[in-house]
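Take a look at the structure below.
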Amino acid sequence: MPVQNAEIAAMFDQCADLLEIKGENQFRVRAYRKAARTVEGLPRSVSVMLAAEEDLAELPGIGKDLASKIADIVAKGRFGLLEQLKKKLPGDLGAMAGLPGLGPKRLKLLYDKAKVRTLDDLKRALKSGKLHGLHGFGPLTEKKLVAALEKPAAVQRFRLSVAEAEAEALVAYLRDTGKVVVAGSYRRRRDTVGDLDILVTAKQGAAVGDKLVGYDNVTEVLAHGPTRTTVVLRSGIQVDVRAIPEESYGAALLYFTGSKAHNIALRGRATKRKWKLNEYGLISGTRRVAGATEEEVYQRLGLSYVPPEMREDRGEVALAAKGPLPRLIEVGDIRGDLHVHSNWTDGTASIAEMVAAARARGYAYMALTDHSRRQAMSHGLDPAKVVRQGREIDKLNDKLKGFTVLTGIEVDILKDGDLDLPDTTLAQLDVVVASVHTYFDLPREAQTARIVRAMGNPHVHIIGHPTGRLIGTREPYDIDMDQITSAARDLNCCLEINAEPDRLDLNDLHAHMAKSKGVKIAISTDAHAVNAFQYMRYGIDQARRGWLTADDVVNTRTLPQLRRMLKR
DNA sequence: GCCGTTTTCGGCCCGACTGTTTTCAGTCG
């Protein structure tokens with residue numbers, strides 16, 4: 001099985017950790033980390049790129065040496081340097097590196113002076129008092145380590161929609177301290193958020209932190225200084241609040257929005273101009289060149305404005321240096337929803353109610369795509385029921401002015417890639433979404449072949465939630481997205497960005513991969529209730545993170561255009 | 001280990017907070 005980009009990235013990250021503990025040149029360490037991010041963010045797998053004889057050394061942060069190391073990993077499936085490092089530094093240093101207060105320096109000290117190599121070693125050393133007197137290990141550090149070992153901090157990320165609820169409440173609470181904005185991965189609209197980074201422009205910086213510490217939901221205060229305060233809320237989410245002066249608003253927003261890699265790229269450009277970029281502004285000597293707005297900072301760095309969703313150091317800085325970036329898709333570009341359920345199967349509302357909700361959003365059309373018969377639990381439709389539902393839709397359409405209900409189905413993809421309804425039934429429908437709902441654990445080749453086979457059916461227009469993941473509860477099934485997107489392009493089949501906040505599937509990287517091959521995307525809510533149409537914006541978020549424009553998305557089209565595009 | 005409209009060598013993002021020191025290193029984001 002070809003080596004995955006994510007595996008290579010993980011190897012480079014581990015390598016960086018070990019090199020750092022070993023005390024290697026920090027820039028060499030950083031080079032491995034940067035390369036890991038580059039490989040991880042590629043729209044195509046390096047195995048495929050190598051097979052096409054592409055030069056990996058042209059990728060940002062990857063030079064001759066790392067390119068040959070990647071080629072080696074792909075060829076052998078193993079990474080020699082990492083194996084050597086592991087031999088030199090046996091144990092479970094990765095797990096220990098996750099503990100608060102343990103960075104490379106203290107880890108090395110533990111390793112060399114106290115022979116601590118695993119979490120169990122550390123527990124014993126703490127208990128026996130072996131660490132007393134070890135440089136940098138005072139009573140408080142020891143206490144924190146003991147606490148962390150007893151109750152390991154759940155390294156959890158929160159779904160964007162969950163983080164949103166917390167963020168909105170906090171913003172309201174802090175509003176009277178100044179201008180409040182949520183930055184970080186939340187503003188970049190990542191599908192999950194690790195912590196909330198909140199920025200407040202306030203004259204009295206300390207007052208903001210004080211107010212945060214007094215928030216009802218705070219269970220722990222991790223840091224509390226004059227300009228920066230960090231707390232943990234009852235839900236477990238960590239909140240960082242930073243107070244900054246008005247004239248630094250733009251620079252601070254930029255800095256706090258990240259990503260870290262994007263910031264580093266920007267700072268590199270500043271350095272080249274003999275400037276310095278920090279959260280207070282773009283600074284030349286002691287003079288502030290820019291800082292009040294983000295636009296101003298980008299402009300002075302010779303860049304066009306980069307929307308937060310693109311700030312991942314995936315090539316957007318180079319693109320912004322060439323000229324204006326393409327206008328990313330917006331919620332207002334959407335003219336209809338192509339994946340909607342009703343109470344004919346597992347939805348909670350009638351077709352007419354769903355239509356009313358779709359019209360209220362200003363849509364021109366909606367495809368009703370209830371489940372097929374295999375979904376017995378949700379009363380999936382058999383061929384006869386499909387016909388009956390079609391008649392009801394016809395009647396409804398006769399009465400509707402300026403809105404069209406498209407007939408459709410979300411048909412199950414069976415184990416071998418066959419579909420759950422006969423072609424004669426599918427041929428009668430306007431929109432056929434084909435989805436996997438069973439056999440999630442097939443091996444990669446079989447799972448991929450199954451979906452490609454379904455796409456090969458000329459009646460299928462869209463593959464629904466292509467990876468099947470449920471964020472935080474179910475891993476995506478094992479498929480080769482490179483193959484899937486190539487097949488989608490060759491077979492002229494659309495892929496879905498399912499906007500349901502638990503799914504967000506395709507994710508941003510996959511959406512970008514699809515776009516880069518010219519595959520058309522449908523952004524759909526999979527609405528099972530009238531209020532679920534509002535999830536569209538989460539789908540738009542991920543589409544923007546995948547650099548999609550309105551042109552890449554089929555349901556930005558007028559109905560006649562859409563009909564033409566879906567034809568196969 | 002990467003990279004170059006100042007450079008193929010000598011740089012490499014930057015500041016806040018904490019705990020351990022006794023003026024600062026380490027960690028973190």
Side-chain angles (χ1 to χ4, degrees), chain A residues 12 15-16 19-21 23-38 56-70 81 96-110 131-145 148 153 183-185 193-199 205-206 209 221-231 238-244 248 251-252 254-283 301-302 313 317-318 321:
Chain A
F12 281 180
C15 191
L19 287 171
E20 198 169 28
I21 293 164
E24 265 286 349
N25 177 346
Q26 53 160 321
F27 299 109
R28 189 178 172 212
V29 172
R30 191 187 291 174
Y32 277 96
R33 294 235 162 86
K34 164 129 175 104
R37 299 291 77 75
T38 295
L56 299 183
E58 280 173 15
L59 296 169
I62 293 176
K64 257 186 159 173
D65 180 85
L66 286 176
S68 84
K69 283 196 168 86
I70 293 172
L81 174 61
M96 285 202 287
L99 295 171
L102 282 192
K105 295 282 161 56
R106 288 196 182 123
L107 274 177
K108 181 159 170 55
L109 215 59
L110 278 177
L131 302 184
H132 296 337
L134 196 58
H135 187 82
F137 285 84
L140 274 167
T141 305
E142 283 199 33
K143 207 173 131 195
K144 275 192 177 166
L145 283 174
S185 54
V193 172
D195 54 15
L196 290 173
D197 300 302
I198 298 180
L199 198 62
V221 179
L222 295 180
H224 185 25
T227 64
R228 177 177 225 160
T229 299
T230 304
V231 301
Q238 187 175 309
V239 180
D240 246 326
V241 168
R242 180 74 181 259
I244 43 99
S248 297
L254 196 57
Y255 160 79
F256 236 17
T257 297
S259 66
K260 196 173 166 179
H262 181 81
N263 286 347
I264 289 173
L266 294 190
R267 284 171 180 171
R269 285 184 76 88
T271 308
K272 247 181 243 160
R273 290 163 168 73
K274 301 256 184 237
W275 294 334
K276 180 171 77 165
L277 177 61
N278 59 28
E279 56 265 58
Y280 299 110
L282 189 58
I283 291 152
L301 289 174
D313 195 26
V317 177

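Naming: A, B, ... by sequence-line order, numbering from 1 per chain.
The interatomic distance linking A:R228 (CZ) with B:dA16 (P) rounds to 9 Å, in whole Å. Remark: P of B:dG26 and NZ of A:K105 are 5 Å apart, rounded to the nearest angstrom. Computed from coordinates, the A:L102 CG to B:dC28 C1' distance equals 13 Å when rounded to whole Å. The distance between atom CZ of A:F27 and atom C1' of B:dC14, rounded to the nearest whole Å, is 12 Å. Taking atom CG of A:L109 as the reference point, atom C1' of B:dG19 lies 15 Å away to the nearest angstrom. The nearest whole Å value for the distance from the CG atom in A:L199 to the P atom in B:dG29 is 17 Å. Taking atom CD1 of A:I264 as the reference point, atom C1' of B:dG29 lies 11 Å away to the nearest angstrom.
Within 4.0 Å of A:K69, counting heavy atoms only, lie sugar-phosphate atoms of the nucleic acid but no base atom. Here A:K260 lies in heavy-atom contact (under 4.0 Å) with a base. At the heavy-atom level, A:K276 lies under 4.0 Å from the strands shown only through sugar-phosphate atoms. Counting non-hydrogen atoms under 4.0 angstrom, A:Q26 reaches nothing in the nucleic acid. Among the heavy atoms of the strands, none lies under 4.0 Å from A:D195. Among the protein residues, A:K144 comes within range of the sugar-phosphate backbone only, with heavy atoms under 4.0 Å from sugar or phosphate atoms but none that close to a base.
Checking A:A97 against A:T229, the closest nucleotide of DNA chain B that is more toward the 5' end is the one next to A:T229. Closest-nucleotide positions on DNA chain B for A:R267 and A:P104 were compared, and the one nearer the 5' end corresponds to A:R267.
Of the residues in residues 58-68 of chain A, those placing a heavy atom less than 4.0 Å from an atom of DNA chain B are A:L59, A:P60, A:G61, A:I62, A:G63, A:K64, A:D65, A:L66, in numerical order.
Minimum atom distance to the side chain of A:Y280 is reached by B:dG15, of the listed B:dT18, B:dG15, B:dG1. Nearest to the side-chain atoms of A:T227 among the listed nucleotides B:dG29, B:dC17, B:dG26 stands B:dC17. Side-chain proximity of A:D197 to the nucleotides B:dG29, B:dT27, B:dC17 is greatest for B:dG29.
Side-chain nitrogen and oxygen atoms of A:T141 include none within less than 4.0 Å of the OP1 or OP2 phosphate oxygen of B:dG26. OP1 or OP2 of B:dG1 sits under 4.0 Å from a side-chain N or O of A:R28.
No salt bridge links A:E279 with A:R228; every basic N to acidic carboxylate O contact stays at or beyond 4.0 Å.
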With the criterion being N/O to N/O and under 3.5 Å, what pairs connect the protein with nucleotides 21-23 of chain B, and how long is each?
none

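A heavy-atom distance below 4.5 Å is found between the side chains of A:L277 and A:L301.
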